[in-house]
**Q** 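Questions regarding the structure given below will be posed in turn.
In the text below, chain A, chain B and the rest are named by the order of the sequence lines, each starting its count at 1.
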Amino acid sequence: MLDITFIRENPEVVKQGMLNKGEPSADAVDEAIKKDEEWRGLVTEIGELRAESNTKAKQIGQLMGQGKKEEAQKIIQETSRSKEKIKELEEKVGAVRRELDELLYKIPNVPEPSVPVGHTEEDNEIFLSWGNPAADDWREPHWEIASAKNWIDFDRGSKVTGAGFPFYLGDMARLQRALINFFLNEAVKNGYIEMQAPYFVNEDSARGTGQIPDKEDMMYTIPRDELFAIPTAEVPVSNFHRDEILAMDELPIYYTAYTPCWRREAGSYGKEVRGLNRLHQFDKVELVKFVHPEKSDEELESLREYAESLLQQLNLPYRTLLMCTGDMGFTQTKKYDLEVWSPGQKRWLEVSSCSNFGSFQARRMQLRFKNEKGKTEMVHTLNGSGLALPRVVAALVETYQTEAGDVIVPKVLQPFMGIEKM
RNA sequence: GGAGAGCUGGCUGAGUGGUCGAAAGCGCUCCCCUGCUAAGGGAGUAUACCCCUAACAGGGUAUCGAGGGUUCGAAUCCCUCGCUCUCCGCCA
């Protein structure tokens, strides 16, 4: 959610950003400004009425204390009249505030000036490419390799749970465990605090990071206990400091957490979801940063560089995309996607998304800090995957497959697996 | 799952219907005193929002776990929920 004061002072910037992000109309901006005016008017009016009745209540208290009951009685009668007016206004102000909040929830974060304006993924900018994508004809997609080696059991996963919930077996299971260890170790080396987070969150947390109301259908729910299965560790980790005021010298704070992620992925179909390309449950190591507002731009770059370093160490060719305004999402000011090359499928697979949210999430979460002047100010939040497992595994297996059909274990993972070949 | 106790400012803790945004202590900040140290004296020290202002200052409202209710008036009474602690049960 954006700051209404910022919207009031920069309506055109907000409107332009909204249209650039592909919203059909920016009318919500003017409507919000109008609602805000109405709301402030009502708040002022109520404040005055309450001030009056507070004064009278105090007078009554004094008179009662002095034993002047009749005089007190007189004032009591006067007061009960304005009571109803206050109640009426309170209901109205509550309704107007809800309407205002609803409008504010509809206004997306404003893209950074450096973000290319565009509508579709065609307009994303290739920020950089690394490595030489393999293009040999003999390379197979990972699901062929996995099935030959009996590494992934999709059918039994479907029997036990449903489509998109595979079992991993033998060396494949060990590979995933190795990747998780490798990613976490690297993150800790780079200053991230390792964290184990809850896999379910409550409604306030889902709202805090914007899953509700924007992306409610993405999550699995546990209605009886009013909980949501996390679609990413971003949700519990970002909400860790919700409703807090941090000291300035605590910033920046970096966290990393491994969790499974659950996503309903309603409406997905076809070859896009073949094999490990898209699952309902998958593993991911997530990176979350809480930073000083002035630092968030450079923090996004270092987050991106860190995520890239993982692919470099695994020696997997990738490219980094700077997402255009229309493809970047509601809550971000700027976003990079890392795509790894899948030589068996001959396509790029997204394995990380590094985003700067500015104060957008922090405002929803009421996460603030005391700045240089001792004023409370919203922190800036960023997050990125470091990395998401299944597609890394897919690209890795396809890239490290030998013509003889084995899969070599990447050097950096060998210490974790204790073998050189799967 | 059952029974009970509790939730007050950065912390400890007082406050059972009126002058309480809240005693006292600790901590912290500033000032004074004191030739180190220690001690002492004084002032200040929550958050959000609204109004006003060039700004500072100022005025107002709300907040004593959350939400609702009773009342002219609620930290104090009532209801619902959350959380913490103790005991019992169960359990990886």
**Q** Contact class for R368(A) (heavy atom, under 4.0 Å): base, sugar-phosphate, or nothing?
**A** sugar-phosphate

**Q** rU71(B) pairs with which nucleotide, Watson-Crick or G-U wobble, both distances below 3.5 Å?
**A** none

**Q** With P as the reference atom in both, quote the distance from rA23(B) to rA14(B) in angstrom, rounded to an integer.
**A** 14 Å

**Q** Can you see whether N239(A) engages R242(A) through a side-chain donor-acceptor pair at a distance of less than 3.5 angstrom?
**A** yes

**Q** Quick check: does any side chain N or O of K21(A) sit under 3.5 Å from a backbone N or O of G329(A), one acting as donor and the other as acceptor?
**A** yes

**Q** Who does rC49(B) pair with, Watson-Crick or G-U, both distances under 3.5 Å?
**A** rG60(B)

**Q** Salt bridge check, E102(A) against R98(A): does any charged N sit closer than 4.0 Å to a carboxylate O?
**A** no

**Q** Any side-chain N or O of N54(A) under 4.0 Å from OP1/OP2 of rU61(B)?
**A** yes

**Q** Which nucleotide in the set rC51(B), rC72(B), rC49(B) lies at the smallest distance from any side-chain heavy atom of W39(A)?
**A** rC49(B)

**Q** Quick one: which of rC50(B), rU61(B), rA48(B) gets closest to the side chain of T376(A)?
**A** rA48(B)

**Q** In whole Å, measure the gap between the C1' atoms of rG18(B) and rA57(B) for me.
**A** 31 Å

**Q** Which one, rU70(B), rU61(B), rC50(B), comes nearest to the side chain of K87(A)?
**A** rU70(B)

**Q** Among rG18(B), rU61(B), rC51(B), find the nucleotide with the atom closest to the side chain of A51(A).
**A** rU61(B)

